[in-house]
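Not measured: the values here are computed from a predicted model.
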Amino acid sequence: MNIGIIAHLKHPIRKPYMGGLEAFTYEVTKRLIARGHTVTLYASELSDPDLNVNVILTDVDYDRETLSRFRAHELSEDFISTHHAYLELMQDIDSREHDVIFNNSLNYVPLTMSTITATPMVTVLHTPPIFEMKRAMLQERKIGRMRYVSVSKPNALAWQPFLNHCEVICNGVDISLWKFHAKPTGDYLVWFGRIHPDKGTHIAIQAAKLAGYPIKVAGSIADLHYFQTYVEPLIGEGVEMLGNCSHETLNESIGNARCALITPCWDEPFGLVVAESLACGTPVAGISRGALPYLVTAGTGCLTSSNDPADLANCVAVAVNMDRSACRHQAEENLDIERMIDAYESLLTETVSYVA
């Protein structure tokens with residue numbers, strides 16, 4: 001197939017990934033190319049050239065220190081620049097000779113323009129409902145040509161009022177890159193991810209203390225105010241801040257932990273940290289929100305519906321004794337990236353065949 005992939009423009013699509021969406025877009029593009037498809041990635045200027053990038057937005061304003069495209073007072077420029085980048089692309093998309101468009105933009109313009117373009121399109125819903133996209137969907141559903149996919153069942157249900165149908169393809173990780181640890185060498189817990197109020201870092205630290213375990217915290221500070229107000233006061237004996245880690249260091253830190261604490265404080269659509277933890281053989285103690293209860297089975301983790309650290313500490317006591325082989329098996333069977341690519345490749349092929 002000749003596939004055009006539309007990327008989100010908040011960050012370039014390259015390593016090190018700024019987030020799960022950048023990781024998803026990079027891996028999908030790379031692996032579809034490896035499978036012999038002709039793929040063009042429509043992304044911003046600093047994206048990895050190995051992905052056959054067609055630049056639709058300059059990165060001259062991308063600040064590598066703040067990792068953002070515009071300062072706060074220039075956010076209107078961000079909106080306008082993104083709007084025009086997608087508008088110009090979609091006005092010309094039928095001339096690109098693609099068999100199908102694989103849309104990961106999280107933007108309303110490709111949805112709106114899809115009603116007047118001939119090239120079939122598949123849109124992946126990586127987030128809970130966004131206002132501008134909801135409005136565009138309500139108009140697009142009158143035509144009903146778009147194929148929608150969500151990264152998890154609860155996220156698909158959240159979007160259901162705005163579209164005709166939504167399929168589910170779970171995200172995945174490259175299991176082969178995550179070493180399985182059958183017997184952890186440490187007697188600690190681990191939390192990893194962006195340090196941000198949505199991720200609940202402070203709850204994890206409090207729960208670890210109540211459970212009687214030291215905790216290692218790995219990840220970058222995504223919200224300085226949150227870190228200084230809620231996390232920093234908890235740092236002391238028994239709390240080790242690892243910062244950003246190499247893949248190898250992170251793999252060892254997760255794999256040698258008794259369990260991983262995963263503490264979403266919003267309805268997170270997926271959460272790659274779940275797949276990564278289970279791939280290491282590390283069971284999960286977490287908060288049952290978003291996709292987490294659909295990814296963690298009874299034998300691979302223990303969840304609480306409460307944000308109370310004491311309830312999470314009780315989950316830790318259960319999770320640390322779980323079968324680590326079962327965790328790895330869950331990752332291999334349901335959360336491997338090649339299974340994800342198989343599913344998307346099949347859907348894209350079906351979309352092309354249906355239109356033809």
Apart from Met322 itself, what residues make up its hydrophobic cluster, given side-chain heavy atom links below 4.5 Å?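 Besides Met322, the hydrophobic cluster comprises Val318, listed by chain and residue number.
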Members sharing Ile143's hydrophobic cluster (side chains within less than 4.5 Å):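 So far as hydrophobic clustering goes, Ile143 is joined with none.
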Rounded at 0.5 Å granularity, tell me how far [atom1] in [X] sits from [atom2] in [Y].
X	Y	atom1	atom2	answer
Leu32	Leu51	CG	CG	11.0 Å
Asp59	Leu9	CG	CG	9.0 Å
Arg31	Tyr26	CZ	OH	10.0 Å
Glu22	Glu27	CD	CD	12.5 Å
Thr123	Met137	OG1	CE	7.0 Å
His8	Thr25	NE2	OG1	9.0 Å

Show your reasoning for whether side chain to side chain contact (heavy atoms under 4.5 Å, CB included) applies to Tyr294 and Cys170. CA-CA 10 Å; Tyr294 293 85; Cys170 282; over 6 Å; no
Among Val39, Thr38, Leu348, Thr351, which one satisfies side chain to side chain contact (heavy atoms under 4.5 Å, CB included) with Met1?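 Only one option passes, and that is Leu348.
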Using the rule that Ile, Leu, Val, Met, Phe, Trp and Tyr join whenever any side-chain heavy atoms are under 4.5 Å apart, tell me whether [X] and [Y] fall into a single cluster.
X	Y	result
Ile195	Phe192	no
Tyr213	Met241	yes
Ile56	Val109	yes
Leu234	Val239	yes
Tyr17	Leu41	yes

For the residue pair [X] and [Y], what are the closest heavy atoms and their distance?
X	Y	value
Ser47	Ser44	OG-O, 2.9 Å
Pro309	Gln206	CG-OE1, 3.3 Å
Leu295	Gly271	CD1-O, 4.4 Å
Thr263	Gly200	OG1-O, 3.0 Å
Leu138	Arg141	O-CG, 3.2 Å
Arg145	Ala118	NH2-O, 3.1 Å

Going by an N to O cut-off under 4.0 Å, is there a salt bridge joining [X] and [Y]?
X	Y	answer
Arg35	Glu338	yes
Lys199	Asp223	no
Arg328	Asp323	no
Arg258	Asp187	yes

Side chain to side chain contact (heavy atoms under 4.5 Å, CB included) evaluation trace for Asp50 with Lys30: CA-CA 8 Å; Asp50 288 344; Lys30 181 181 73 173; over 6 Å; no
Is the ring centre of Tyr344 less than 6.0 Å from the ring centre of Phe24?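 Tyr344 vs Phe24: aromatic centres under 6.0 Å.
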Is it the case that the ring center of Tyr108 lies less than 6.0 angstrom away from the ring center of His83?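 Ring centres of Tyr108 and His83 closer than 6.0 Å.
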Does a donor on one side chain sit under 3.5 Å from an acceptor on the other, for [X] and [Y]?
X	Y	result
Thr297	Gln330	no
Asp94	Thr117	no
Gln160	His165	no
His202	Tyr226	yes
Ser152	Asn155	no
Asn2	His37	no

Can I get a per-line list of side-chain donor-acceptor pairs under 3.5 Å for residues 276-290, giving both atom names and the distance, sequence neighbours left out?
from	atom 1	to	atom 2	distance (Å)
Ser277	OG	Thr282	O	2.9
Thr282	OG1	Ile254	O	2.7
Thr282	OG1	Arg324	NH2	3.1
Arg289	NE	Asp267	OD1	3.3
Arg289	NH1	Cys265	O	3.0
Arg289	NH2	Asp267	OD1	3.3

State whether the side chain of [X] and the backbone N or O of [Y] hold a donor-acceptor pair below 3.5 Å, judged by distance alone.
X	Y	value
Asn54	Tyr42	no
Ser306	Asp308	yes
Ser150	Ala156	yes

Apply the test side chain to side chain contact (heavy atoms under 4.5 Å, CB included) to residues Ile93 and Ile101: give CA-CA distance (whole Å), side-chain angles for both, the deciding distance (0.1 Å), then the verdict. CA-CA 9 Å; Ile93 202 70; Ile101 302 300; 3.6 Å; yes
Passes side chain to side chain contact (heavy atoms under 4.5 Å, CB included), Leu163 versus Leu125? Steps please. CA-CA 11 Å; Leu163 44 80; Leu125 303 172; 3.8 Å; yes
Do the ring planes of Trp159 and Phe162 sit parallel (below 30°), tilted (30 to 60°) or perpendicular (above 60°)?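 Trp159 and Phe162: perpendicular rings.
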